[in-house]
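The chains referred to below are lettered A, B, ... by the order of the sequence lines, with proteins before strands, and numbering in each begins at 1. Just the heavy atoms: all of them, side chains too, but no hydrogens, waters or symmetry mates, feed the values below.
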2 protein chains.
Amino acid sequence: MSLQHAILTALLEKPSSGLELARRFDRSIGYFWSATHQQIYRELGKLESAGLIRELPVSQPARGQRKAYEVLPAGRDELAAWVRRSEDPRPLRDPLGLRLRAAAMVGTEGLAAEVQRHLALHRKQLAEFEAIEARDFPADGSGDALQHLVLRGGIEMETFWIKWLTEAAERLPEG
Amino acid sequence: MSLQHAILTALLEKPSSGLELARRFDRSIGYFWSATHQQIYRELGKLESAGLIRELPVSQPARGQRKAYEVLPAGRDELAAWVRRSEDPRPLRDPLGLRLRAAAMVGTEGLAAEVQRHLALHRKQLAEFEAIEARDFPADGSGDALQHLVLRGGIEMETFWIKWLTEAAERLPEG
DNA sequence: CCCGCCATGTAAGGGGTTACATGATTCA
DNA sequence: TGAATCATGTAACCCCTTACATGGCGGG
């Protein structure tokens, strides 16, 4: 049920249409949860049926206007209750780790290049996170402390990947 | 399809029954991929139908003996081909990160305790990984280098979580 | 003998991914 | 006006999770 609560959080931060939500999941919310637009539309429908959100009434309906949703009080209550729930960390599932393990049995051919490719992806992601941090959380302490904390999580996660993949690159042949 | 390849890897390392596999997924293989016994039985059936593994013939069938499977040449080929495939990293999905983000909207009540609980879980996991490292990969360099690398990944991942959750504990009220 | 654990499964449902469909807007 | 893009969806499939079922075996 995490996706519904991610959407509620995003809509509380700012009422949005489905596609706007999808874009925001690619950015800030996406540090710790990702979603495609198909998932988002489905969950928006469910949330509306459940009476947790509603379509925002538009002041002067222009043609081609997108639907936007806002959170109802019941939705805020549900989110507050969910935040207080206890939930174990999800088990990690990473195919590249599995490939390294499998390579111990069937050979490492091609893996060095794949590790380099992942390194580049994680470096790019880290650079994006750091740019967001520099822009939204200047050293003067403005900006929401909790949102900064979550962003720090994304940054440190990418830093972990880069460190580990660098070790992997050093230990693989052809690397 | 990663689970099937995880099972092939595990069976190449050592032919096993379904339940033995489930146990091994709780330990070594599980650093980067987890699976329940239900998933494993289902995939074992598929792998056998596909001709990638077979039941191990038993020399002297004792009563109550468990089925054990071994990888056939076609299975090894499939695994080798999979290792050479390219696959993007999976997006992270962590409910606790989401809760912190949601807490910025609806309040942090109860979150400090949850962060402490996760901290304890990750510290325990890290201790287990480090015990395995000390046992299986002594400083003399014996032990498979790739398997050690994968274990290092698990260790560094847990280290990341502990670092980040410690920061979170410092920044949350009631902490 | 009975209870609990071991071992192998089945069933139902939730969630995520990929591919496709449809109408509207924008731009060359 | 035709192509590309925006925006909102539908459908099918796969994978994972949770709960339950069944039979054998082992110890009190």
Side-chain angles (χ1 to χ4, degrees), chain A residues 1-8 10-11 15-26 29-30 32-50 53-56 58 61-69 82 85-95 98, chain B residues 1-8 10-11 15-26 29-30 32-50 53-56 58 61-69 82 85-95 98:
Chain A
M1 307 260 82
S2 289
L3 178 51
Q4 293 195 6
H5 299 99
I7 291 176
L8 287 173
L11 288 181
S16 304
S17 67
L19 201 49
E20 280 169 354
L21 282 175
R23 295 234 175 76
R24 293 172 58 201
F25 269 84
D26 282 343
I29 308 281
F32 284 100
W33 207 272
S34 72
T36 63
H37 76 274
Q38 293 89 340
Q39 288 175 270
I40 288 169
Y41 285 122
R42 197 178 21 182
E43 299 305 321
L44 282 173
K46 288 189 200 169
L47 287 167
E48 191 174 22
S49 303
I53 65 174
R54 67 164 181 178
E55 263 185 69
L56 249 186
V58 199
R63 63 207 173 99
Q65 191 131 13
R66 294 163 302 193
K67 281 192 249 181
Y69 294 90
W82 178 79
R85 280 214 274 284
S86 192
E87 186 173 1
D88 282 349
R90 310 210 147 190
L92 174 62
R93 289 212 171 89
D94 179 69
L98 221 49
Chain B
M1 307 260 82
S2 289
L3 178 51
Q4 295 195 6
H5 299 100
I7 290 175
L8 287 173
L11 288 181
S16 303
S17 68
L19 203 49
E20 281 169 352
L21 281 175
R23 295 231 176 76
R24 292 171 59 201
F25 270 85
D26 282 342
I29 307 284
F32 284 100
W33 207 272
S34 72
T36 62
H37 76 274
Q38 293 89 336
Q39 288 176 271
I40 288 169
Y41 286 122
R42 181 161 30 96
E43 298 305 322
L44 281 174
K46 287 190 202 170
L47 287 167
E48 191 174 21
S49 302
I53 64 174
R54 67 163 182 180
E55 262 186 70
L56 249 187
V58 199
R63 62 206 174 98
Q65 192 130 12
R66 294 163 303 192
K67 280 192 251 182
Y69 294 90
W82 177 80
R85 281 214 275 282
S86 192
E87 187 174 359
D88 281 349
R90 309 209 148 194
L92 174 62
R93 289 211 170 88
D94 178 69
L98 221 50

Taking the side chain as everything from C-beta on, heavy atoms only, tell me whether Trp33(B) gets closer than 4.5 Å to Pro91(A). no

For nucleotides 18-22 of chain D, which of its nitrogen or oxygen atoms have a protein nitrogen or oxygen under 3.5 Å away, and what is each distance?
from: dA19(D); atom 1: N6; to: Gln38(B); atom 2: NE2; distance (Å): 2.7

Can you sort out the partners of Gln39(B) under side-chain contact (heavy atoms from CB on, under 4.5 Å), two or more places apart, ordered by chain and number? Arg93(A), Leu3(B), Ala35(B), Thr36(B), Arg42(B)

Arg90(B) CZ to dT18(C) C1', in whole Å, measures 14 Å

Do the side chain of Arg42(A) and the base of dG14(C) come within less than 3.5 angstrom through a donor-acceptor pair of N or O atoms? no

Figure out the CE/P separation between Met1(B) and dC14(D), and round it to whole Å. 8 Å

Between Arg23(B) and Glu20(B), is there a side-chain N and carboxylate O pair less than 4.0 Å apart? no

May I ask you to list the residues of residues 16-26 of chain A, by number, that have any heavy atom positioned under 4.0 Å from an atom of DNA chain D? Ser17(A), Gly18(A), Leu19(A), Arg23(A)

With sequence neighbours excluded, tell me which residues meet salt bridge (Lys or Arg N to Asp or Glu O under 4.0 Å) with Arg85(A). Glu78(A)

Measure the shortest side-chain to side-chain distance between Leu19(B) and Tyr41(B) over non-hydrogen atoms and say whether it is less than 4.5 angstrom. yes

Qualifying residues under side-chain contact (heavy atoms from CB on, under 4.5 Å), relative to Pro89(A), sequence neighbours excluded: His118(B), Leu121(B), His122(B)

Tell me whether the side-chain N/O atoms of Tyr41(A) come closer than 4.0 Å to OP1 or OP2 in dT8(D). yes

For a 4.5 angstrom cut-off between non-hydrogen side-chain atoms, does Trp82(A) reach Leu8(A)? no

Take atom CD of Gln39(A) and atom P of dA19(C), then tell me their distance rounded to the nearest Å. 15 Å

Holding to salt bridge (Lys or Arg N to Asp or Glu O under 4.0 Å), I want the full list of residues that pass it with Glu48(B), two or more places apart in sequence or in another chain. none

Grab the CZ-P distance between Arg93(A) and dT17(C) for me, whole Å please. 12 Å

Rounded off to whole Å, could you give me the CG-to-P distance for the Asp88(A) and dC16(D) pair? 19 Å

From CG of Leu44(A) over to C1' of dA7(D), roughly how many Å is that when rounded to an integer? 13 Å

Please tell me if the side chains of Ser16(A) and Leu11(A) come closer than 4.5 Å, counting only heavy atoms from C-beta onward. yes

Between Lys46(B) and dC15(D), is there a contact of a side-chain N or O with OP1 or OP2 at under 4.0 Å? yes

